[in-house]
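The structure appears right after this line, and notes come after that.
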Amino acid sequence: MRVGQGYDIHRLVPGRPLMLGGVAVPSESGEEGHSDGDVLLHAVIDALLGAAARGDIGTHFPPDDPQYAGISSRTLLTRVRQMLQADGLAPVHLDCTVILQQPKLRPWVAAIRERLAADLGLPVGHVSVKAKTKEGLDATGQGRAVEAHAVVLVEPLPTPPGPPPGVWT
Ligand code: MG
């Protein structure tokens, strides 16, 4: 059993989509970013990479690399899942918190959970998304940024059936 933790913050700017967990949430401003800026997926990706002890999102997808300009963070998540799979690992439970002053996220939480569950190959009952504000404090509280935290539990993939060790076939 392994655990991984991830965190991310992005500035909010007018005229950009607000992407959270692969869902476009209606908002006057969205994340500034080289990719689509999905702060929640970036935290989830870092949590997955942490559980695999495989560095961080910037190691694998450098923000100054033009091939990642405007890329969907769901594509990056797929690649990271494949990396874990190659290591014989799979996520089994995800818990995250999004910190955003406005808009209120509660109406969108169910859709975000479903999208994350589908993209991670998990039942919705193993994906938790919590929404908080910063009570008007600091840059996030003043609506100038959005933050996300994620914790993921990862387990080894079941070993495929085969001959017991030491048996010649
Ligand atoms: Mg980011």
Side-chain angles (χ1 to χ4, degrees), residues 2-85 87 89 91 93-105 108-109 111-122 127-134 137-154:
R2 289 159 174 251
V3 69
Q5 172 271 341
Y7 166 79
D8 198 19
I9 181 169
H10 279 246
R11 288 174 192 270
L12 289 173
V13 290
R16 288 268 301 182
L18 177 60
M19 298 302 298
L20 291 170
V23 173
V25 173
S27 169
E28 285 173 11
S29 57
E31 296 107 330
E32 195 174 59
H34 184 61
S35 65
D36 65 1
D38 193 320
V39 70
L40 177 52
L41 286 189
H42 293 182
V44 169
I45 286 170
D46 262 357
L48 290 167
L49 289 170
R54 284 272 225 150
D56 60 31
I57 188 168
T59 314
H60 297 280
F61 313 108
D64 54 356
D65 187 332
Q67 68 172 302
Y68 301 119
I71 197 168
S72 165
S73 298
R74 295 177 73 197
T75 306
L76 305 182
L77 177 63
T78 301
R79 293 192 195 167
V80 168
R81 274 193 69 199
Q82 288 164 347
M83 260 179 239
L84 261 70
Q85 201 167 8
D87 285 349
L89 298 168
H93 191 95
L94 171 69
D95 185 22
C96 19
T97 301
V98 179
I99 308 166
L100 178 70
Q101 198 62 35
Q102 58 175 352
K104 292 287 175 238
L105 276 187
W108 302 97
V109 164
I112 293 169
R113 286 180 67 204
E114 278 167 29
R115 177 63 54 85
L116 280 172
D119 285 354
L120 288 167
L122 290 176
V127 174
S128 156
V129 174
K130 306 189 293 294
K132 300 194 83 67
T133 73
K134 272 272 175 88
L137 299 164
D138 75 23
T140 300
Q142 289 156 17
R144 293 188 280 125
V146 55
E147 301 173 55
H149 296 262
V151 174
V152 68
L153 184 68
V154 166

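Both ligands and their constituent atoms are indexed starting at 1 by order of listing. Predicted model, so just to flag it, every value in this text is computed and none were measured.
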When you compare the side chains of His42 and Ser35, does any donor N or O come within less than 3.5 Å of an acceptor on the partner?
yes
Residues 11-39 vs ring-ring contact (aromatic ring centres under 6.0 Å, His included), sequence neighbours excluded, gives none
In short, salt bridge (Lys or Arg N to Asp or Glu O under 4.0 Å) pairs touching residues 94-103 with sequence neighbours left out are Asp95-Lys130
Counting only protein N, O or S atoms and ignoring waters, those under 2.8 Å from the Mg ion (ligand 1) are Asp8 OD2, His10 NE2, His42 ND1
- Task: Taking Thr78 for its side chain and Arg74 for its backbone only, find out whether a donor-acceptor pair lies under 3.5 Å.
- Result: yes
Check: Parallel, tilted or perpendicular: which fits the ring planes of Tyr68 and Phe61, with parallel below 30° and perpendicular above 60°?
Finding: perpendicular
For Arg113, the side-chain hydrogen bond (donor to acceptor under 3.5 Å, both in side chains) test, sequence neighbours excluded, returns none
